[in-house]
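Labels below follow one simple rule: chain letters A, B, ... track the order of the sequence lines, proteins then strands, and each chain is numbered from 1. Being a predicted model, the structure only gives us computed values, none of them experimental.
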Protein chains: 2
Amino acid sequence: MKQETRKEEIIRVAAKLFKEKGYSAVTMRDLATAMGIKAASLYNHINSKQDILNTIIISIAEEFTQGMKLVQDSKLSCIEKLKQIVALHVKIASENIYGMASLNNDWMHLETQLNYYLSLRDNYEKDFLSIIQQGIESSELKEVNPEIIMFSMLTTLRSLYIWIPKKEELNVNDLANNLNKVLIHGINI
Amino acid sequence: MKQETRKEEIIRVAAKLFKEKGYSAVTMRDLATAMGIKAASLYNHINSKQDILNTIIISIAEEFTQGMKLVQDSKLSCIEKLKQIVALHVKIASENIYGMASLNNDWMHLETQLNYYLSLRDNYEKDFLSIIQQGIESSELKEVNPEIIMFSMLTTLRSLYIWIPKKEELNVNDLANNLNKVLIHGINI
DNA sequence: CCCTCAAACTAACACTTGTTAGTTAGCGTT
DNA sequence: AACGCTAACTAACAAGTGTTAGTTTGAGGG
């Protein structure tokens, strides 16, 4: 159990505030108050407000990229790959509830790292789409517009951070299994 | 074809800016520039920045509430009701692409109207959940956690505004039909 | 020709923003 | 005792914030 540095603590608290009000609405004085110090003192630990956002978003985005790579390199069937992706999202979302909010809602406030983020997101979606297309070609999946399938799955998965905190007892495996049922097999009898 | 008033034009342009950068990051000077006038001139037409947000969010939220009421009062089967709800979201999202962004991302910046908005949203979700629960009881739907079903459908539907603009040719009926297939019947063979 | 009115303008306000500079206090090591 | 390090502080700045007051412009109707 590695001890959290002061910098990590600031970033963690910042992510929580960013989730509640959004990046732009959170001031350095808000963040300082939440940390119990003065705004200027924050700069002993961090470079800038922007830098906090960069750290939060890019670290999670890279985690997703890495996870997708593992899924792609596996020899699983299409449906099994999709289940792995669901599990990936449940895992990352449950471990980064606050950061996921910034990833979803504040990515446009990135500056120097904006293009890098967009390229990660783009590639992720391309890889996701390609898995679905292969599933349709091999008749594992129904012949529905693959973009609609991806959109439906991805928006649900990307919104997990909103919903997970509302569940008192969270069993990550249970949630992933239930989501697999609903997303892959549908809801009707 | 009713002519758009200057006030309506400002609100429409504001919604577009709010979608791109979020409510807090859009200044009255940004909005004025987009309108081709000076910031102070905006106040000949609108009361405050807050008021613009109120108008955007509350009008759409009430549209959803009204639509849900119609669905509830119908004598349709559960599955047919869910299809009506999908159609409702596709319709409202396609007609309010910009406003939907504020509804999803900037509702927390409401002040006087925050509680009213939250009550509308709460009731909407309760009604949605109740339809799903009835569907499970009457064996129209699989016996899966009804909250997960609602969460999955609702997050997909609420994110439509992100995705609709990316589709060159948008046929509202096509989109609703495809979403129904994916959300209700699943994606596997 | 004057009046009205919508819609723009300039100038200014009080306050908030992110950030910097320079300083101080406490603590462990030499 | 002196040093260096961490982490806080006060004070300040320049730019930007939403908003108000008062004024000007131009078009249309009596």
Roughly how far, to the nearest 0.5 Å, is the OG1 atom of A:Thr55 from the CD atom of A:Gln113? 8.5 Å
Can we say B:Asp30 and B:Lys21 salt-bridge, meaning some charged N sits less than 4.0 Å from an Asp/Glu carboxylate O? yes
Tell me whether A:Arg12 is salt-bridged to A:Glu8, with the criterion being a basic N under 4.0 Å from an acidic carboxylate O. no
Rounded distance in Å - CG (B:Leu42) to P (C:dA7): 13 Å
Atom-to-atom span, CD of B:Glu9 to C1' of C:dA7 - whole angstrom: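 My rounded result for the distance is 12 Å.
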Footprint string (nucleotides 3-18 of chain D, 5' to 3'): B base within contact, S backbone only, - free, heavy atoms under 4.0 Å: ----SBBBBB----BB
Within 6.0 angstrom of B:Lys142 NZ, more than 12 heavy atoms from elsewhere: yes
Spell out, yes or no, whether B:Leu114 and B:Leu120 are grouped together once hydrophobic residues are joined by side-chain heavy atoms under 4.5 Å, including indirect joins.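 Per the 4.5 Å side-chain linkage, B:Leu114 and B:Leu120 are co-clustered.
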For B:Tyr124, check ring pair (Phe, Tyr, Trp, His ring centres under 6.0 Å) against everything at least two apart and list the hits. B:Phe64, B:His89
Would A:Asp106 and A:Ile56 count as a side chain to side chain contact (heavy atoms under 4.5 Å, CB included) here? Give the steps. CA-CA 10 Å; A:Asp106 288 318; A:Ile56 293 172; over 6 Å; no
Cation-pi geometry met for A:Lys49 and A:Tyr23 (6.0 Å, 45°):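 Judged by the rule, A:Lys49 and A:Tyr23 form a cation-pi pair.
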Once you build an axis from the first five pairs and another from the last five of the helix from C:dC1-D:dG30 to C:dT30-D:dA1, how far apart in angle are they, to 10 degrees? 10°
